[in-house]
Amino acid sequence: MNFPILYSFNRCPYAIRARMALAYAGITCELREVALRNKPAEMLAISPKGTTPVLQLLDGQVLEESLDIMYWAIEQHDPAGWQGQSGLNSELGQNLITANDRLFKPYLDRYKYAVRFPEQPQEVYRGQAEIYLQNLDDLLRSHQFLISDLMTMADVAIFPFVRQFAHVDLEWFYSTTYKHLQAWLTWHESSTLFLHVMQKRPAWRLGQPITLQSPLPPQNVLVTQ
Ligand SMILES: N[C@@H](CCC(=O)N[C@@H](CS)C(=O)NCC(=O)O)C(=O)O
């Protein structure tokens, strides 16, 4: 094996943030696109919990949480300072990511798959998620990105989830007063980095030719706005 292997699902927000961090950090990896309904035995053998993304490193170590993959990637190389000025443990960044993963994501799931949660109308779930979105919009009022005018890990870790939320009802999202959040989302969705990691790949099968995810060219890494 010449490259770390990433088991990934194209539109999974956790996998998107992992792929973005790897491409940003200049890491080439073998990309194995997974069909969630038919997970490859090779992935389940190294990560029985069966979620994407999973990264198998060259020394055999397995990272099976998207944030661990992001941390590992930017510890290897952090060309535009995603760790932020206060380092990896920027308290605000950490808190925002934790709130995204633990509070916002469950509401997002209920909003997106409201038919599976008939206890409340869809708008109720949307309203619960909006408390978090309002907080992001307030932060983006004062600077271009969540923590400052520079992009950090928090922006990348959170953006795929806001994207998923917006796409449930794009017309509604763009009709709201979250103007800063809308601009931030549009910026990320059209960024070279995002488009780079969203290239479609056929589902992986053992024995097929290897598909690589290449690093983002250095000239694109440093563009922040
Ligand atoms: N905590 C995990 C969550 C990953 C996750 O839940 N991924 C979803 C896809 S977006 C998944 O694989 N779900 C399993 C399934 O649908 O079978 C991480 O951060 O990597």
Side-chain angles (χ1 to χ4, degrees), residues 4-25 27 29-57 60-76 82-83 88-90 93-117 125 129 132-133 136 146 152-168 185 188-189 193-205 211 213:
I5 297 173
L6 183 72
Y7 292 93
S8 173
F9 176 54
N10 186 268
R11 63 169 190 273
C12 165
Y14 300 98
I16 292 173
R17 67 188 183 184
R19 296 199 303 272
M20 288 174 78
L22 290 165
Y24 159 79
I27 293 157
C29 56
E30 179 183 340
L31 199 141
R32 296 185 172 178
E33 178 69 20
V34 167
L36 288 180
R37 281 162 201 264
N38 185 18
K39 293 168 192 160
E42 293 78 5
M43 177 180 118
L44 295 172
I46 57 165
S47 180
K49 77 183 171 87
T51 61
T52 61
V54 175
L55 184 68
Q56 185 170 25
L57 299 176
Q61 194 190 341
V62 175
L63 303 179
E64 45 184 344
E65 286 293 325
S66 55
L67 290 179
D68 290 342
I69 297 172
M70 293 188 81
Y71 286 130
W72 177 81
I74 63 176
E75 272 162 23
Q76 311 307 304
W82 280 14
Q83 295 189 37
L88 263 183
N89 295 316
S90 149
Q94 291 296 320
N95 290 345
L96 288 173
I97 296 171
T98 304
N100 176 79
D101 288 20
R102 300 213 187 133
L103 302 174
F104 176 66
K105 179 65 164 81
Y107 292 137
L108 163 60
D109 286 344
R110 284 170 173 72
Y111 171 48
K112 184 168 179 191
Y113 304 107
V115 280
R116 294 185 209 158
F117 301 94
Y125 300 128
Y132 178 74
L133 297 182
L136 297 184
L146 290 171
T152 64
M153 163 143 167
D155 294 276
V156 181
I158 292 166
F159 142 73
F161 297 86
V162 176
R163 171 176 178 267
Q164 203 175 51
F165 177 93
H167 281 262
V168 175
L185 177 66
H188 280 284
E189 282 194 306
L193 177 58
F194 176 65
L195 298 173
H196 181 80
V197 306
M198 290 307 284
Q199 295 164 46
K200 285 253 163 36
R201 332 241 179 197
W204 175 79
R205 292 277 168 276
T211 300
Q213 177 178 277

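Whatever order the structure lists ligands and atoms in, that order sets their numbers, starting from 1. Predicted model, so just to flag it, every value in this text is computed and none were measured.
- For the ring pair (Phe, Tyr, Trp, His ring centres under 6.0 Å) test with Phe165, the passing option among Tyr132, Phe104, Tyr107, Phe159 is Phe104; the others fail.
- Closest protein heavy atom to atom 13 (N) of ligand 1: Thr51 CG2, 4.1 Å.
- Remark: side-chain polar atoms of Arg110 are not paired, donor with acceptor, to backbone N or O of Tyr125 under 3.5 angstrom.
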Next item on the list: Evaluate the side-chain contact (heavy atoms from CB on, under 4.5 Å) criterion for residues Gln56 and Arg32: first the C-alpha distance (whole Å), next the side-chain angles of each, then the deciding distance (0.1 Å), finally the verdict.
Entry: CA-CA 11 Å; Gln56 185 170 25; Arg32 296 185 172 178; 5.8 Å; no

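- Relative ring orientation between Trp82 and Tyr24 is described as parallel, the plane-to-plane angle staying below 30° on a 0-90° scale split at 30° and 60°.
- In this structure, atom 20 (O) of ligand 1 lies nearest to the protein heavy atom Ser66 N, 2.9 Å.
- Residue, atom and distance of the protein heavy atom nearest to atom 16 (O) of ligand 1 are Leu36 CD1, 3.6 Å.
- Scanning all protein heavy atoms for the shortest distance to atom 6 (O) of ligand 1 gives Tyr14 CE1, 3.7 Å.
- Close contacts between ligand 1 and Lys39 involve ligand atoms 14 (C), 15 (C), 17 (O) [criterion: under 4.0 Å to a heavy atom].
- More than 12 heavy atoms of other residues, nucleotides or ligands shown are found within 6.0 angstrom of CZ on Arg201.
- Here the protein heavy atom with the shortest distance to atom 4 (C) of ligand 1 is Thr52 O, 3.2 Å.
- For atom 1 (N) of ligand 1, the closest non-hydrogen atom of the protein is Glu65 OE1, 2.7 Å.
- For ligand 1 and Cys12, the ligand atoms under 4.0 Å from any heavy atom of the residue are 7 (N), 9 (C), 10 (S).
- Not counting sequence neighbours, Lys200 has no partner by the salt bridge (Lys or Arg N to Asp or Glu O under 4.0 Å) test.
- Below 4.0 Å from some heavy atom of Pro53 lie the following atoms of ligand 1, by number and element: 20 (O).
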Distance-only criterion, 3.5 Å: show the donor-acceptor pairs between side-chain atoms of residues 37-48 and protein atoms not counting sequence neighbours.
{"from": "Lys39", "atom 1": "NZ", "to": "Gly50", "atom 2": "O", "distance (Å)": "2.9"}
{"from": "Ser47", "atom 1": "OG", "to": "Glu64", "atom 2": "OE1", "distance (Å)": "2.4"}

